[in-house]
Protein chains: 2
Amino acid sequence: MAAHPDTAEKTPRAPLTRERVLQAAVEIADERGLAALTMRSLGQQLGVEAMSLYNHVTNKDDVLDGLVEVVTGEVLAAAEQIAPPADPSEWKAVMRARILAARGVLLRHRWAPGLMETRTKSPPTAMQYFDSVLGLMLQGGFSLDLAHHALHALGSRMLGFSQELFMDADEAPEPEVGALMLKQMEAHYPNLAALMRVVNHDADSTIGGCDDQFEFEFGLDLLLDGLERLRARYAA
Amino acid sequence: MAAHPDTAEKTPRAPLTRERVLQAAVEIADERGLAALTMRSLGQQLGVEAMSLYNHVTNKDDVLDGLVEVVTGEVLAAAEQIAPPADPSEWKAVMRARILAARGVLLRHRWAPGLMETRTKSPPTAMQYFDSVLGLMLQGGFSLDLAHHALHALGSRMLGFSQELFMDADEAPEPEVGALMLKQMEAHYPNLAALMRVVNHDADSTIGGCDDQFEFEFGLDLLLDGLERLRARYAA
DNA sequence: ACCTGAACACCGTTCAAGT
DNA sequence: ACCTGAACACCGTTCAAGT
């Protein structure tokens with residue numbers, strides 16, 4: 001809608017700005033992964049020498065900070081789409097919906113969780129998001145103390161991700177290979193082997209075949225239900 | 001206790017092995033951080049050229065994999081110190097104790113959580129640890145399904161850490177500065193500001209002053225209590 | 001005011017050469 | 001069989017120079 005003065009053809013015309021630099025950085029990370037994001041590749045994406053970037057960004061760390069600004073901004077926007085509860089006591093359903101909305105954003109930026117874990121300063125958009133989450137609980141009847149612990153307990157789940165260790169999206173092994181692996185696992189890790197057999201059969205997928213969305217919601221509900229129980233006890 | 005043949009003085013005698021390389025890598029990471037661990041610094045620590053390392057380790061990624069082998073090995077050893085439950089139904093107390101033991105290990109290797117999040121393959125020691133956690137639940141009366149979801153829900157908490165975003169250990173600001181910051185927060189993040197005031201007063205520490213150990217246990221108990229409830233319902 | 005080219009210090013890694 | 005030195009391709013970043 002905003003009038004933009006470009007001719008229709010490829011115009012490396014638009015002046016460089018911090019925003020354009022960050023937007024290009026997001027594109028690279030989305031398409032080729034965070035490892036592919038270097039000052040040189042970023043310059044190239046913008047049709048400019050790497051050194052020009054330093055006029056709009058103080059250094060690479062600043063670019064990375066900017067990346068999480070962008071992502072948490074999208075999270076905030078997505079969460080704001082979900083209306084506040086009709087009755088404050090219905091905090092849980094709204095919180096759940098907002099967190100799942102946040103998760104939707106992070107799924108579009110797979111590199112974001114790993115990056116956010118390395119940052120120490122939270123951008124204003126993240127602060128705003130946390131503030132709204134906190135407000136939801138306080139209005140829902142949480143004490144400040146309980147809400148405080150809840151924030152810690154939810155941790156990264158608030159932003160829509162949880163680190164499941166070593167659970168890589170392993171590609172399906174050949175059936176025979178899979179059977180052999182299972183035999184070997186049987187010997188060393190009997191319980192895990194039993195688990196893998198079940199997971200294999202239940203899902204249409206293979207060994208690594210867990211339903212990420214289901215597991216995320218399972219863990220989330222465990223926490224939210226526990227918090228609601230504590231809230232109710234406190235309120236009583 | 002083991003007889004070691006070194007003369008007492010500095011003896012760069014002992015032949016290089018994968019184990020010695022990894023042990024040196026752990027030392028560097030513990031003392032100077034993971035960023036200080038380069039093939040060159042690692043060589044230096046061992047009194048050898050960087051290129052010699054490639055005789056015992058395939059590349060840097062292999063070193064990083066080895067690092068998590070070492071750490072998860074320590075976790076396994078620590079967890080094995082805690083005796084299995086007298087009655088299988090007492091799975092929760094034992095699990096809690098084992099996870100807190102794991103946490104003790106990770107606190108000695110602050111770089112380990114961040115590293116583990118980047119790895120995709122889990123070393124045998126980690127598999128063994130997960131197998132024992134799983135066994136604890138199965139013997140405690142969990143269905144395979146529920147135990148499976150429990151593993152996902154616990155995630156990194158099983159190994160003793162949880163990623164709390166942006167919660168850096170910020171050094172205490174000067175009191176006046178802190179007051180000013182609070183004023184500004186008040187305007188933009190009213191709920192967070194209220195929270196910070198409480199946290200400030202409660203603890204002897206300052207703004208960032210949260211009791212990590214308490215918060216870890218709070219979240220852990222929320223999950224374990226929730227799981228026990230589901231187990232009991234399933235068993236009934 | 002913004003962009004460039006050459007350069008610096010630092011990576012991981014290869015390879016031919018030493019012992 | 002193990003270690004070394006020189007070299008390569010790649011980083012982030014500085015700086016003097018261009019326009």
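Naming: A, B, ... by sequence-line order, numbering from 1 per chain. Only this structure's heavy atoms are used, side chains among them; waters, hydrogens and symmetry mates stay out. Keep in mind the model is a prediction, meaning the values are calculated, not measured.
We find that NE2 of H56(A) is positioned 13 Å from P of dA1(C), with the value rounded to whole Å. Put simply, CD on Q44(A) is 12 Å from P on dC10(D), counting in whole angstrom units. For the pair E49(B) CD and dT4(D) P, the interatomic distance rounds to 5 Å; values are reported in whole Å. A straight line from CG of L46(A) to C1' of dC3(C) spans 13 Å, rounded to a whole angstrom. Between L37(B) atom CG and dC10(C) atom P the separation is 17 Å, expressed in whole Å. Distance CG (L53(A)) to P (dC3(C)): 9 Å, rounded to an integer number of Å.
Side-chain N/O atoms of E74(A) and H109(A) include a donor and acceptor closer than 3.5 Å.
In this view, R40(A) and T38(A), A50(A) satisfy the side chain to side chain contact (heavy atoms under 4.5 Å, CB included) rule, not counting sequence neighbours. For D211(A), the side chain to side chain contact (heavy atoms under 4.5 Å, CB included) criterion is met by Q213(A), F214(A), not counting sequence neighbours. For R32(A), the side chain to side chain contact (heavy atoms under 4.5 Å, CB included) criterion is met by I28(A), A36(A), Q45(A), not counting sequence neighbours.
One distance of note links CG of L151(B) with CG of L165(A); it measures 11.5 Å at 0.5 Å rounding.
Residue pairs meeting the salt bridge (charged side-chain N to carboxylate O under 4.0 Å, His left out) criterion with at least one partner in residues 52-69 of chain B, sequence neighbours excluded, are R18(B)-D62(B), R18(B)-E69(B), D61(B)-R119(B), D65(B)-R119(B).
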Any N/O pairs under 3.5 Å between the protein and nucleotides 13-19 of chain C? List them or say none.
unit_1  : atom_1 : unit_2 : atom_2 : d
dT13(C) : OP2    : Y54(B) : OH     : 3.0
dT13(C) : OP2    : K60(B) : N      : 2.9

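When atom types are taken as modelled, the side chain of H56(A) and the backbone of L16(A) share a donor-acceptor pair closer than 3.5 angstrom.
In this structure, of dG5(C), dC2(D), dC3(C), it is dC2(D) that holds the atom nearest to the side chain of N55(B).
A close approach under 4.0 Å does not occur between any side-chain nitrogen or oxygen of S52(A) and OP1 or OP2 of dC2(C).
Among the atoms of the strands shown, only primed sugar atoms or phosphate atoms (P, OP1, OP2) are found under 4.0 Å from some heavy atom of T38(A).
Both key distances under 3.5 Å define a Watson-Crick or G-U pair, and stretches of 3 or more such consecutive pairs in DNA chain D run C:4-8 with D:12-16, C:12-16 with D:4-8.
Put simply, the residue from R96(A), R103(A), R157(A) that forms a salt bridge (charged side-chain N to carboxylate O under 4.0 Å, His left out) with E217(A) is R96(A).
The shortest distance between side-chain heavy atoms of T58(B) and V63(B) does not fall below 4.5 Å.
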